[in-house]
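For clarity, every value in this text was computed on a predicted model and none was experimentally measured. Reminder, nothing fancy here: chain letters follow the sequence lines and each chain counts from 1.
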Amino acid sequence: MNKPTVVRVRFAPSPTGFLHIGGLRTALFNYLFARNNNGKFILRIEDTDRTRYVEGATENLISILNWSGLDYDEGPYLDTHGKIYQKGDYGPYIQSQRIEIYKRYAMELLKKGFAYRCFCSPQRLEEVRKLQLLNKQPPKYDRLCRNLSETESNRRAAIEPYTIRLKVPDEKIVFTDIIRDKVEFDGSLIDDQVLLKSDGYPTYHLANVVDDHLMEITHVIRGEEWLSSTPKHILIYKYLDWQPPQFAHLPLLLNPDRSKLSKRSGDVAVEEYKKEGYLPEALLNYVALLGWSTEDSQQIFTKQELIDKFSLSRCSKSPAIFDKQKLLWMNSEYIRKTDPYKLMEYSIPFFVSYGIKIDINNSEIKEYIVKLIQLEQQKIKLLKDIPYMIEFFLKPDTEIEYKENVVKKYFYLDTQKQILIEVRDMLQTITQFDKTTLEHQLRNFCSNRGYKTTEVFQLLRAAVSGRSEGPGLFDLLFFLGKERVINRINLVIKKFFLNIK
RNA sequence: GGCGUCAUCGUCUAGGCUGGUUUAGGACGCCGCUCUCUCAAGGCGGAGAUCACGGGUUCAAAUCCCGUUGACGCCA
């Protein structure tokens, strides 16, 4: 009886820093594939390369993955105190806690004759490599230790450090990739990969294969940079008598200069996008379109649509450049559709870093901010922009910043002063200080006195906000309130027109 | 250096398997007009791709085949 095969996929990052945009895309595709197939999505931490380990990187990875909304079914999680705990029947999910397992399989390979001990020193390896490069040969281990007799190998193992290498046969290794179809490699050209390092730690290749098997991973969905090492993995499966999973190698994500997306050029840390005020849904939606598309070229997807419509067969093979402009557009699309109350909540940390203190226990001020956000919602591209866009509603009248170009343009003519005085006096008489009344009165004011609306409205805007752009004037005045409006006009008259007759 | 992968507007891509319905479709960006108290958003329109190149198969190729080139990745 075959048990029904449940789709199981994993995202297996190395904790070497922050979660990378490329990593997020890989995680997303795994997530979508799992959810689409009613399968399991697993997080595994591949931290066996101790030289690249960064303190706190695992916690970081988990928390940013959490922020992105890609929930997984098994793996390490963070508790409320930020401590790691693990959940799932296939654990531990952190490779550094599985070292003995890898050792065991390395030994099995050794025993079966599919691997061998290599006693070559790093210095000798380096010399061999140099010589090969000099002769324009591909740098590759010369297999010196491959033919050591068993007794010789055992004898030296007792007294010398050694690594364990895979015996790569001189034959063609062919496999079918879901995205790329048939891929063929010549075994005679592949290096005898080190599986177990002299310190007893496994290399990526061994640990990865062992875990994928033990965790019953059915589909390996990863970046194209792993395509060339796949034949080695296939070999390990074969030698251990295991059924290999199906492979799908995603096209690479590139910098605008067409190099592999890297930390060196541009922002690649998901953390950075969070800090800039991108919504996770927008980031995910954008990244989903890098290497995947629907036939009708749909651009905006809900998460559920993404899950329902996703399929590996619609993934493209060619690499994609990460285009920040389009991401920005998509983010504003999402912000426009987000509930203003949520936007208010999301924007609080951005107010803090902007230097505006908001009393989060004061529901009145929060309501007010929600209204203000609503006024500008169409224009917000990043959450980061919110404080700047509405700060003049929140600052005391005396702290309004008057832009230089505004002062030059609006606060220097005698007629402008006159208009301000007249408008102020007119506004003073309005008892119903609401939008419709304001609009009605201001338009009447203009037509009665023969002023152009643009002239008066922009002048008023400048006087109360210090800017030449912003929300509609009547909204602006209404949400400021009569008292502050009058006060600000007076302040401007005093401050800028004092020297004018 | 070897091996591998890829190749449609500046960018993301549809179409390619099952050749003609494609004067190659959509999205971002760009430009213009419009709406308008401003900035956006919206509406309308525009520019932008000899489908990398060369050869073949065919009445017909972006689509099938072969080769070349380029880009990128991996191996240290």
Counterpart base for [N], defined by Watson-Crick or G-U wobble contacts under 3.5 Å:
{"N": "B/rG54", "answer": "B/rC66"}
{"N": "B/rG1", "answer": "B/rC75"}
{"N": "B/rA49", "answer": "none"}
{"N": "B/rG16", "answer": "none"}
{"N": "B/rC35", "answer": "none"}
{"N": "B/rG29", "answer": "none"}

[N] versus [M] - spacing of their [atom1] atoms, nearest Å:
{"N": "B/rC12", "M": "B/rA76", "atom1": "C1'", "value": "35 Å"}
{"N": "B/rU23", "M": "B/rU18", "atom1": "P", "value": "22 Å"}
{"N": "B/rG42", "M": "B/rC28", "atom1": "P", "value": "8 Å"}
{"N": "B/rG19", "M": "B/rG56", "atom1": "C1'", "value": "15 Å"}
{"N": "B/rC31", "M": "B/rA40", "atom1": "P", "value": "11 Å"}
{"N": "B/rG48", "M": "B/rG1", "atom1": "C1'", "value": "40 Å"}
{"N": "B/rA62", "M": "B/rA52", "atom1": "P", "value": "10 Å"}
{"N": "B/rU8", "M": "B/rG4", "atom1": "C1'", "value": "23 Å"}

Check: [X]/[Y] side-chain N/O donor and acceptor closer than 3.5 Å:
{"X": "A/Asp308", "Y": "A/Gln304", "value": "yes"}
{"X": "A/Asp49", "Y": "A/Tyr201", "value": "no"}
{"X": "A/Gln298", "Y": "A/Lys309", "value": "yes"}
{"X": "A/Gln458", "Y": "A/Lys452", "value": "no"}
{"X": "A/Asp192", "Y": "A/Tyr116", "value": "yes"}

Which nucleotide in the list [options] gets nearest to the side chain of [X]?
{"X": "A/Ser297", "options": "B/rC37, B/rA14, B/rU5", "result": "B/rA14"}
{"X": "A/Gln378", "options": "B/rC28, B/rA40, B/rC37", "result": "B/rA40"}
{"X": "A/Ala320", "options": "B/rG10, B/rC37, B/rU13", "result": "B/rU13"}
{"X": "A/Phe185", "options": "B/rC3, B/rG10, B/rA40", "result": "B/rC3"}
{"X": "A/Lys317", "options": "B/rC12, B/rC6, B/rC37", "result": "B/rC6"}
{"X": "A/Ser318", "options": "B/rC39, B/rC6, B/rA27", "result": "B/rC6"}
{"X": "A/Glu295", "options": "B/rA14, B/rC37, B/rG73", "result": "B/rA14"}
{"X": "A/Arg180", "options": "B/rC28, B/rG15, B/rU5", "result": "B/rU5"}
{"X": "A/Gln325", "options": "B/rG29, B/rU38, B/rG4", "result": "B/rG29"}
{"X": "A/Ser228", "options": "B/rA40, B/rC74, B/rC6", "result": "B/rC74"}

Under 4.0 angstrom, heavy atoms only, what part of the nucleic acid is [X] near: base, sugar-phosphate, or nothing?
{"X": "A/Gly291", "answer": "sugar-phosphate"}
{"X": "A/Arg129", "answer": "sugar-phosphate"}
{"X": "A/Thr453", "answer": "sugar-phosphate"}
{"X": "A/Arg336", "answer": "sugar-phosphate"}
{"X": "A/Glu225", "answer": "sugar-phosphate"}
{"X": "A/Leu473", "answer": "base"}
{"X": "A/Pro251", "answer": "nothing"}
{"X": "A/Tyr286", "answer": "nothing"}
{"X": "A/Glu184", "answer": "sugar-phosphate"}

What integer distance in Å separates [X]:[atom1] from [N]:[atom2]?
{"X": "A/Asp142", "N": "B/rG2", "atom1": "CG", "atom2": "C1'", "value": "17 Å"}
{"X": "A/Lys232", "N": "B/rG4", "atom1": "NZ", "atom2": "C1'", "value": "12 Å"}
{"X": "A/Leu189", "N": "B/rG73", "atom1": "CG", "atom2": "P", "value": "20 Å"}
{"X": "A/Glu126", "N": "B/rC75", "atom1": "CD", "atom2": "P", "value": "15 Å"}
{"X": "A/Tyr410", "N": "B/rC37", "atom1": "OH", "atom2": "P", "value": "14 Å"}
{"X": "A/Arg467", "N": "B/rA40", "atom1": "CZ", "atom2": "C1'", "value": "14 Å"}
{"X": "A/Glu333", "N": "B/rA40", "atom1": "CD", "atom2": "C1'", "value": "13 Å"}
{"X": "A/Ile321", "N": "B/rC9", "atom1": "CD1", "atom2": "P", "value": "11 Å"}

Query raised in the report: Of A/Phe33, A/Phe247, A/Phe11, which meets ring-ring contact (aromatic ring centres under 6.0 Å, His included) against A/His219?
Result: A/Phe33
Query raised in the report: Any donor-acceptor pair under 3.5 Å between the side chain of A/Lys379 and the base of B/rC39?
Result: yes
**Report entry** First of A/Leu289 and A/Trp226 reached from the 5' end of RNA chain B, by closest nucleotide
**Finding:** A/Leu289
Query raised in the report: Taking for each residue the nucleotide of RNA chain B bearing the nearest heavy atom, is the 5' side occupied by A/Leu227 or by A/Gln298?
Result: A/Leu227
Query raised in the report: To the nearest 0.5 Å, what is the distance between CZ (A/Phe411) and CG (A/Leu420)?
Result: 7.0 Å
Query raised in the report: How many angstroms lie between atom CD of A/Gln441 and atom CE of A/Met426, to the nearest 0.5 angstrom?
Result: 6.0 Å
Query raised in the report: Where does the angle between the aromatic ring planes of A/Phe393 and A/Tyr368 fall among parallel (under 30°), tilted (30 to 60°) and perpendicular (over 60°)?
Result: perpendicular
Requested in this report: Compare side-chain N and O positions of A/Arg314 against OP1 and OP2 of B/rG16 and report whether any pair is under 4.0 Å apart.
Outcome: no
Query raised in the report: Should A/Ser293 be listed as having a side-chain N or O under 4.0 Å from OP1 or OP2 of B/rA14?
Result: yes
